[in-house]
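Working notes, structure below.
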Amino acid sequence: MKKRGKGVGSMWYGIGNTGLPNPAAAFIEVLSDTSVNLMVGCADIGQGSTTVMAQIAAEELGLSYENIHVISADTMVTPEGGASSASRQTFISGNATKLAARQAKATLTEVAAGFLNVPGEELIFRNGEIFSSNDNSKKMTYRELMAEMKKHGRLAVGAGAYNPKTTYLHPETMAGIPYEVYSYATTIAEVEVDTETGEIEVLKVVSAHDVGLSVNDTMVEGQIEGGVVMGEGFAVFEKIECSNGVIKNPIFSKYLIPTAMDVPDIYSVVVECEGECGPYGAKGVGEPALIPSIPAIAAAVEDAIGVRFCCLPITPTDVLRELGKLKTQ
Amino acid sequence: MSDRDFSVLGQSVIRKDALSKVLGEAKFAADYKFEGMLYGGVFRSTVPHALIKHFDASKALALPGVACVLTAKDIPGKNRTGIIIKDEPCLVDDKVRRVGDAIAIVAADTPEQVNEALDLMEVEYELLEPIFTVERALEEDSPKIHGATNVHAKKHLECGDVDAAFAKCDVIVEHTYNTSMLTHMFIEPDAGIARYEDKIMTVYCSTQNPHYDRADVAGVLGLPNNQVRIVQVTTGGGFGGKLDISVQCHIALLSHFTGKPVKMVRSRKESTNVSAKRHPMTMKAKTGATKDGKIQAVEVYMTGDTGAYASYGPAVITRAVVHCMGPYEVPNVRVDAVFTYTNNPMAGAFRGFGVPQVAYCHEGQMNAIAKELNMDPIELRLLNAHKIGTTIATGQVLEESVGFKETLIQAAAKAKEVM
Amino acid sequence: MEKIKIAFNLNDQDVSIETMPNKRLLDMLREDFNCTSVKEGCGEGECGACTVLRNGEPVTSCTMLAGQVQGERLLTLEGLSKNGELDILQKTFMEAGAVQCGFCTPGMILSAKALLMKNPHPSRDEIRRALSGNLCRCTGYTKIFKAVEMAIEE
């Protein structure tokens, strides 16, 4: 018989290292033709940080995404970025990028204010233009601004560094500020359990993530979808078999990760939440994407067959054993 | 998604690296080739805990094409690496602590010669009692893997009056949760290529952690940090498994001694055998609530196996302890955690640093409480959810950007629509 | 062992080479023809990163020997775009966000290409089945399915 069940799982996740300093930095230069070099230590391992940094720099400078060239993770060229871990790069390297862009922009603002004869605070940089928020006849293009910069011998360069506001935790009670900000998420999973074979099929997964600000929806969804499927592996497939210190299944034919056949229908919900500490409020999603799907799938299996499991992964053998259907022990 | 007034943020722009990747032009570490380059390989232990009585590479060295074989005594700098605690030898000097410890490295003209050389190396061990469980590791008479104790880390978190709070609870649920050792299975196995460029040791590699790599490569070679350059090349996934040193120090050493570029590409098997694993954890949890559904107290005792080396173990235990009561207002919390060294594969960072494990525990507890109280699990969570102004167990007051309730509401609404 | 001479068609060009008969097709393509889009993820035919099209059919080049392609037509990702014009799948993979780390991408695109050449309007289930030999650890496959579906619509 096939039995269906649903389950809920939630999580919180502190962004950055726990109760420790973990800074990152960025360098930026706007060139005379308005193209930009951005140098960040942050390693893009496929999660898309290079794209995120370019979007943040473009927004802050008022230039287009295409203008920004990112050089990343080359220790002779880029400043310290720390690890691409702890869901920290959008928040920390993102803040560093924003600060670097802001420093370059301060010089640009000074020169533009002089040229347009308006106070710098009034100026808005957007889509390749600089204009006064009070009088939009007072405007110039970025190219004009860069020509003006050249005339005055000014360079649009900036460096930014950001270290999240945390404290060391008390050695005995762990009191303190472990993280500056947290991401939150809730996942609801629906599964179908075959009580004859013990097989668990994850049918549908809804995963809602508070990311602060979504810098790039497609990439946030990509993280969520990848996390949900990895969570499925955690909950119902994967286990390193180790005997006398030897890993028995170090290869794909023996350590099964989810394939295209195993993927549930995934409904990502991106939740935004205003805040000051992240770059424009952005937090992190890399690890949160994985976490809540694990308890949600486990709970859905429990709901389907009324059995509580205390070990992950829940394999077909485990299901059959709990249902009293294992012929041999 | 964003309704705020941005011109670039919130746009699903096409990734910077997308074009080179769909064209097949993106260069991963294994795709690099330098003129005159050698290939490197690692001779690894096949036993979990042992002293090395004798190592002989003479037959390997006699093979045509073999440029050098290096062992611990050849290391010009410090023979210890590790992200938080430097407890892992680059090449074994004192003893073997796990299957797969690096004993020697070889460079040769072709990958075939490297494999032949590895087959010809001989080692004689004096076996030590191995430890494979946390329980055995904690026993007084167990052999010690590092120093005087097998306790890798111990943490205690406490707030409120847990015992008094449990006494006032209407429902208490107690369960034990276990999670398994897992591996990242990034699709690209670890790889790198190293050479001196204008006297700077330059390492092109697959990594999540270039600046940390720089310090460990410099340490092993005995060079100042600015004489080492790490260039992260296109990296085929990591998920935490490419935070530790993989090939970087070994190829840098081989290049240093041969004066030639040296490339190393791990096989899938070698990559999985020696990269860090997810900590298997056991979590014994007790959660109490009053009948109105308010969680009053949480107590957790957790153990974890960090294997032969610390890797990111200290980060995993700390994060697990801080997060293990879940995103809920719990006024009374007591957590104790112990991680031990064993002779199992090294456990370290894997997407979530212990939080996936503890989330299985805290959410299992929340669902159990909901069942006991006959409450909807979403309602129970909403009732206890973090919000602006919540004080968490470490005493921190949450002041901004707490969107938890919204995720509960929106997930429930979406599930109602599609399930 | 003596070298053998083999001739085949690679990415629309007739090529020939003298090579060891026990050389894996994967190694020959990467080393002798510089087709480094062909990736090695496992060496046992399980992950699909080394997928190439052999007479239009996806095969794992790590489990084939060089000699097996004598007289056949091979396509690697290097040969998919024509005269600088991207294949529709290359475009939709970019637009859908189907690329993350990119290591599985060459094999994934080629498996999808083989499917669309045989079946221009596959269902979601047919797409899943066609891609089931290509492992991806980043994306959760969902945007890859979407990319293939976008290519169908074009």
Side-chain angles (χ1 to χ4, degrees), chain A residues 8-9 11-12 18 43 45-46 48 50-51 55 58-59 65 73-76 80 83-85 126-127 173-178 181 184-186 188 190 204 206 208 210 212 214-218 238-240 245-247 250-251 257 267 269-271 273 275 287 290-291 294-295 299 311-312, chain B residues 1 7-9 12-13 15-16 48 99 157-158 176-183 185 208-211 214 229-232 235 237-238 243 268-269 272-273 318-319 322 327 343-344 351-352 355-356 359-360 363 367 377 381 394-396 400-401 403-404 406-408 410-411 414-415 418-419:
Chain A
V8 184
M11 70 106 233
W12 62 318
T18 314
I45 53 173
T50 289
T51 302
Q55 286 186 263
E59 186 71 45
Y65 166 72
D74 174 341
T75 65
M76 208 52 98
E80 171 79 43
S84 287
S85 73
R126 198 178 166 91
N127 293 329
T173 63
M174 295 187 73
I177 298 176
V181 76
Y184 291 88
T186 298
I188 301 176
E190 184 176 22
K204 289 178 182 171
V206 168
D210 161 24
S214 166
V215 174
N216 183 315
D217 285 349
T218 297
E238 297 178 29
K239 181 181 186 172
I240 283 284
V246 178
I247 292 177
I251 52 178
I257 66 169
Y267 304 87
V269 181
V270 180
V271 175
C273 184
E287 289 157 299
L290 163 72
I291 297 164
I294 300 159
C311 294
L312 295 182
Chain B
M1 184 58 58
S7 60
V8 187
L9 296 178
S12 289
V13 297
R15 299 168 58 107
K16 290 281 182 194
V99 172
L157 178 153
E158 185 146 7
T176 300
Y177 302 82
N178 297 281
T179 61
S180 299
M181 181 186 288
L182 302 176
T183 192
M185 284 299 191
Q208 300 178 238
N209 217 352
H211 295 83
R214 172 176 65 187
R229 176 182 188 184
I230 307 288
V231 183
Q232 184 232 2
T235 297
L243 288 166
R268 168 60 46 188
K269 202 171 162 189
T272 307
N273 280 339
T318 312
R319 187 178 281 273
V322 169
N343 298 110
N344 282 323
R351 204 175 192 177
V355 182
Y360 172 47
E363 293 307 275
N367 289 335
R381 284 169 172 79
T394 66
Q396 179 184 12
E400 64 162 83
S401 197
F404 181 31
E406 203 54 36
T407 71
L408 285 159
Q410 293 202 29
K414 190 74 188 171
V418 301
M419 286 178 183

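Chain A is the first sequence line, chain B the second, and so forth, proteins listed ahead of strands; every chain is numbered from 1. Fair warning: this is a prediction, and the values are worked out from it, not measured in the lab.
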For chain B, which candidate among [options] shows the most heavy-atom pairs at distances under 4.5 Å?
options                        : answer
I251(A), N216(A), I247(A)      : N216(A)
E59(A), M76(A), M11(A)         : E59(A)
G46(A), A73(A), A58(A), G48(A) : A73(A)

Is [X] in contact with chain A via its backbone, its side chain, both, or neither, using a 4.5 Å heavy-atom distance?
X       : result
P48(B)  : side chain
T176(B) : backbone
L243(B) : side chain
N343(B) : backbone

Find the one option among [options] whose heavy-atom pairs under 4.5 Å with chain A are most numerous.
options                            : value
V8(B), T235(B), T272(B), N209(B)   : V8(B)
E158(B), M185(B), M181(B), R351(B) : R351(B)
G237(B), P356(B), G395(B)          : P356(B)
G238(B), P210(B), S7(B), P377(B)   : S7(B)

Closest contact, heavy atoms only, [X] versus [Y]:
X       : Y       : answer
R381(B) : G9(A)   : NH2-CA, 4.4 Å
S180(B) : E238(A) : CB-O, 4.5 Å
D210(A) : S401(B) : OD2-O, 4.0 Å
M419(B) : K204(A) : CE-O, 3.5 Å
P178(A) : T394(B) : CD-OG1, 3.4 Å
I188(A) : A415(B) : CD1-CB, 3.8 Å

Proximity breakdown for V181(A) and chain B, heavy-atom pairs closer than 4.5 Å: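 It is the side chain, since no backbone atom gets that close.
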
Under 4.5 Å heavy-atom distance to chain B, tell me which part of Y267(A) shows up: side chain, backbone, both or neither.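 The side chain, not the backbone.
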
Assess whether side chain to side chain contact (heavy atoms under 4.5 Å, CB included) is satisfied between M174(A) and T318(B), documenting all intermediate values. CA-CA 9 Å; M174(A) 295 187 73; T318(B) 312; 3.7 Å; yes

Euclidean distance, [Y] [atom2] relative to [X] [atom1], rounded to 0.5 Å:
X       : Y       : atom1 : atom2 : result
T218(A) : R15(B)  : OG1   : CZ    : 10.5 Å
T179(B) : I294(A) : OG1   : CD1   : 9.0 Å
R214(B) : T75(A)  : CZ    : OG1   : 5.0 Å
L312(A) : N178(B) : CG    : CG    : 9.0 Å

Looking at side-chain heavy atoms only, is the closest gap between R268(B) and P250(A) below 4.5 Å?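 No - every pair of side-chain heavy atoms lies 4.5 Å or more apart.
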
Close side-chain approach of Q232(B) to I45(A), heavy-atom, < 4.5 Å: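 Answer yes - side chains close enough.
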
Check against side chain to side chain contact (heavy atoms under 4.5 Å, CB included), V13(B) and Q55(A): CA-CA 8 Å; V13(B) 297; Q55(A) 286 186 263; 3.4 Å; yes

Apply the test side chain to side chain contact (heavy atoms under 4.5 Å, CB included) to residues E190(A) and V418(B): give CA-CA distance (whole Å), side-chain angles for both, the deciding distance (0.1 Å), then the verdict. CA-CA 10 Å; E190(A) 184 176 22; V418(B) 301; over 6 Å; no

How would you list, by chain and number, every residue that makes a side-chain hydrogen bond (donor to acceptor under 3.5 Å, both in side chains) with T186(A), sequence neighbours excluded?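 T186(A) satisfies side-chain hydrogen bond (donor to acceptor under 3.5 Å, both in side chains) with S10(A), T407(B) only.
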
Is a side-chain N or O of Q208(B) found less than 3.5 angstrom from the main chain of A83(A), in a donor-acceptor match?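 It does not hold such a pair.
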
